[in-house]
K.L.:
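The structure is given below, and queries will be raised subsequently.
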2 protein chains.
Amino acid sequence: MKTMRSLIAVLVITFASVTIARAADPLPSWNDGKARQSIINFVTKVTTPGTPDFVPVAERIATFDNDGTLWCEQPLPVQLYFALDRVKALAPQHPEWKTKEPFASLLKGDLKTALAGGDHALLELVMATHTGMNTVEFEKIVKDWIATAKHPKTGKLYTEMVYQPMLEVLAYLRANGFKNFIVSGGGIEFMRPWTEAVYGIPPEQVVGSSVKTKFEIRDGKPVIVRLEEFDFNDDKAGKPVAINQHIGRRPIAAFGNSRGDQEMLEYTQGGQGAHFELMVLHDDAAREYAYGPAQGLPDVKLGAFTQAVYNEAQKAGWTVVSMKGDWKQIFPAEKK
Amino acid sequence: MKTMRSLIAVLVITFASVTIARAADPLPSWNDGKARQSIINFVTKVTTPGTPDFVPVAERIATFDNDGTLWCEQPLPVQLYFALDRVKALAPQHPEWKTKEPFASLLKGDLKTALAGGDHALLELVMATHTGMNTVEFEKIVKDWIATAKHPKTGKLYTEMVYQPMLEVLAYLRANGFKNFIVSGGGIEFMRPWTEAVYGIPPEQVVGSSVKTKFEIRDGKPVIVRLEEFDFNDDKAGKPVAINQHIGRRPIAAFGNSRGDQEMLEYTQGGQGAHFELMVLHDDAAREYAYGPAQGLPDVKLGAFTQAVYNEAQKAGWTVVSMKGDWKQIFPAEKK
């Protein structure tokens, strides 16, 4: 009987804290305004039983772009810094890189010339630095790098340059029965080693671009080897395709920040029931970066939020978040 | 206060039923024996905190083949019956099929001649019957078919010809914090419409073979169109590759029944911590079918459990389940 009483006490306390957590502001880093309200309205309506907009838990799928939506993608996407550091680390084994582009310029510290080769140069960089090893080895390389690499401007870890208001959206959705997925143009195996710790998103809920892989017995052990061949580009029209392949359900909420996310948001909007689409506008040069339509630029940098996408967002009624106006705080508080 | 008391009552009752459910035999359709005991031993050790074999909940990934492992694949895999019925349904729109193989033989009811063309004939059949429509349309076609199509021998729905002992394994693992995935050579979009209702496995936990797809705006609506082009064969060495792509973690438990599952079990066995591998041996001609090594056959039918796989299973220490000896009951009880 005593045990039963203790048990009841535990249950009551648990229940009480859940109630308190629910009652508290789920989005404390958001200024009150249209953007914040649109998120709360959506979550409230799809989780209220007996209403026409109610969505069963199993169908509460939300998809998030990563670069520029969940973490900072300026001055360059983080994965590119990873590739650059890998080039430096691997250079001693590749004497031919001294005279071969894009490696030669990179090793001289001339990023601009190295990247002048465009997509072709990028692909060569990724292949030379992301393949050949097995998946367990690659995971360790990424984990070691992400634990120490610092942002060139702020000197923070990249995983400290995630957006606090978006962490709150992830937690708010999760608390309301949503399953959150990352659907990013970034490498699927570059993200998986750290998304669970940083975003609470497990590897099986990460979708991204990929290289081909092969099952092999190496040194008597069964492994998956990363091949020097591109497999899937999870960007633009590739995002709905990858969502269908990995998730098999149409999301009811989608979050992005660029041209690369447009089709994902369109696909989400095309669903039958209630749906929600959000684009993050980078207009805060003081606290983060300002690029895309915020600067009146026609088409800047990799996958930017162009004026055309901004116009579509307005027309389609997507929520556009002004980082400057809607977010009280950009990055999580410093750990003391 | 009255509300709080009712709440406590509800919580206590809920907790009590959970306790009772846990104490009851989790595998009532299994005869006591080595196979049953190996499952219980494995689950017990990976879920007991403080032991070297303990595995955190997030890493409790189990993968299941479908055809012949979770449901009956004889006399032909279910998806083939679906393709045959689709040929009949589509024949009026395809007068050319009257003289074109494999369609001509099929329409005359001569299955043997139709399938004599091997993989090429099969691929042609699948492409002609599984592509061209969008994914929402295909889902409806599958749902309508699976709700009414009957097994040629038993006259039961195919979804009634799932293995009761394996349903119990799925539930037992789920109750112990496992995430169950299907990893099947069958079509990913042929399985997803019904796996949640039948196995408790949601679409995002189903991995399978696939055709290429494309994001398109059709009649003003954003859809995913199924293209007449094969994409991925989720069989043999393709299974670990697909597991890595979809799940991003190595399973700690894998269940199969054929040559097509061998690499998935090898990959699972190659993990660092505790792991479990199981092969279902079809040796019960009276209650189901007997094929593969049970019949001393060297290599029979699609993806059969060959003698070579049986030998590897013995050598590797995988659990081999005799349907005849280990299972009290094969199919779920008839609904009265």
Side-chain angles (χ1 to χ4, degrees), chain A residues 4 7-12 14-15 58-59 61 135-136 139 179 181 188-189 191-193 195-196 202-207 210 212-217 220-224 226 231-232 236-250 263-272, chain B residues 4 7-9 11-12 14-16 58-59 61 135-136 139 179 181 188-189 191-193 195-196 202-207 210 212-217 220-224 226 231-232 236-250 263-272:
Chain A
M4 187 55 98
L7 172 70
I8 291 170
V10 169
L11 289 171
V12 169
T14 308
F15 189 85
E59 292 166 25
I61 302 288
T135 54
V136 175
E139 182 182 357
K179 212 178 233 187
F181 287 80
I188 189 167
E189 299 205 60
M191 297 182 284
R192 282 173 163 167
T195 54
E196 188 154 30
E204 63 269 27
Q205 284 160 230
V206 176
V207 180
S210 53
K212 283 199 193 300
T213 61
K214 195 183 160 203
F215 176 76
E216 252 181 40
I217 309 287
K221 285 181 186 165
V223 295
I224 312 278
R226 294 173 56 81
D231 180 35
F232 186 81
K236 300 180 182 169
K239 289 203 175 193
V241 165
I243 287 170
N244 182 62
Q245 179 69 358
H246 280 256
I247 312 178
R249 301 196 212 247
R250 196 184 286 240
E263 286 84 352
M264 175 168 78
L265 270 66
E266 288 171 354
Y267 184 55
T268 303
Q269 184 159 32
Q272 289 218 299
Chain B
M4 187 54 97
L7 172 67
I8 291 169
L11 290 170
V12 169
T14 307
F15 189 84
E59 293 166 25
I61 302 289
T135 54
V136 175
E139 184 183 355
K179 213 178 229 186
F181 287 79
I188 189 167
E189 299 204 62
M191 298 182 282
R192 281 173 163 167
T195 55
E196 191 154 27
E204 62 270 27
Q205 286 162 227
V206 176
V207 180
S210 54
K212 283 198 192 301
T213 61
K214 195 183 161 204
F215 176 77
E216 251 181 41
I217 309 288
K221 286 182 184 165
V223 293
I224 312 278
R226 295 173 55 82
D231 181 34
F232 186 81
K236 299 181 181 167
K239 289 202 175 191
V241 165
I243 286 170
N244 182 63
Q245 179 70 357
H246 279 257
I247 311 177
R249 300 197 213 246
R250 198 185 284 241
E263 287 84 353
M264 174 168 79
L265 269 65
E266 287 171 355
Y267 184 56
T268 303
Q269 185 159 31
Q272 291 219 297

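Being a predicted model, the structure only gives us computed values, none of them experimental. Residue numbering restarts at 1 for every chain, and letters A, B, ... go by the order of the sequence lines.
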K.L.:
Between A:Q245 and B:S210, which heavy-atom pair has the shortest distance, and what is it?
P.N.:
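That would be NE2-OG, 3.4 Å.
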K.L.:
So do the side chains of B:Q272 and A:V136 get within less than 4.5 Å of each other, counting heavy atoms only?
P.N.:
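Sidechains of A:V136 and B:Q272: no contact.
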K.L.:
Given that the side chain runs from C-beta out, which part of A:E196 has a heavy atom under 4.5 Å from chain B: side chain, backbone, both or neither?
P.N.:
side chain
K.L.:
Please flag which part of A:I247 lies under 4.5 Å from any non-hydrogen atom of chain B: side chain, backbone, both or neither.
P.N.:
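Both the backbone and the side chain of A:I247 come within 4.5 Å of chain B.
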K.L.:
Which heavy-atom pair separates B:F215 from A:A237 by the least distance, and what is that distance?
P.N.:
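The answer is CB-O, 3.6 Å.
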K.L.:
Report the relative orientation of the aromatic rings in A:H246 and B:H246; use parallel for angles under 30°, tilted for 30 to 60°, perpendicular for over 60°.
P.N.:
parallel
K.L.:
Against chain B, label A:F181 side chain, backbone, both or neither, depending on which of its atoms sit under 4.5 Å from a heavy atom there.
P.N.:
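Only the side chain of A:F181 comes within 4.5 Å of chain B.
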K.L.:
Checking heavy atoms, do the side chain of A:I217, its backbone, both or neither come under 4.5 Å from chain B?
P.N.:
side chain
K.L.:
How long is the span from the CD atom in A:E204 to the CD atom in B:Q205, to the nearest 0.5 Å?
P.N.:
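Between A:E204 CD and B:Q205 CD, I get 7.5 Å after rounding to 0.5 Å.
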K.L.:
Give the member of B:E189, B:E266, B:R249, B:K239 that has the highest number of heavy-atom pairs under 4.5 Å with chain A.
P.N.:
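Looking at each option in turn, the highest pair count goes to B:R249.
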K.L.:
Sort B:K214 into side chain, backbone, both or neither according to what part of it lies under 4.5 angstrom from a heavy atom of chain A.
P.N.:
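Backbone only.
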K.L.:
So which heavy atom on A:G248 is nearest to which on B:P203, and how close?
P.N.:
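Taking A:G248 first and B:P203 second, the nearest heavy atoms are O-CB, 4.0 Å.
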K.L.:
Could you look at A:T213 and say if it's the side chain, the backbone, both or neither that has a heavy atom under 4.5 Å from chain B?
P.N.:
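Both backbone and side chain of A:T213 come within 4.5 Å of chain B.
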K.L.:
Can you check whether A:Y267 reaches B:I224 side chain to side chain, under 4.5 Å on heavy atoms?
P.N.:
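Answer yes - side chains close enough.
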K.L.:
What residue among A:R250, A:E263, A:Q269 forms side chain to side chain contact (heavy atoms under 4.5 Å, CB included) with B:P222?
P.N.:
A:R250
K.L.:
Which answer fits A:K212, side chain, backbone, both or neither, if we ask what part of it has an atom under 4.5 Å from a heavy atom of chain B?
P.N.:
neither
K.L.:
Go through the atoms of A:E139 and report whether side chain, backbone, both or neither lie under 4.5 Å from a heavy atom of chain B.
P.N.:
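A:E139 has no heavy atom closer than 4.5 Å to chain B.
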K.L.:
Just to verify, which of A:V223, A:T135, A:I188 counts as forming a side chain to side chain contact (heavy atoms under 4.5 Å, CB included) with B:N244?
P.N.:
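Testing B:N244 for a side chain to side chain contact (heavy atoms under 4.5 Å, CB included) against A:V223, A:T135, A:I188 leaves exactly one candidate, A:T135.
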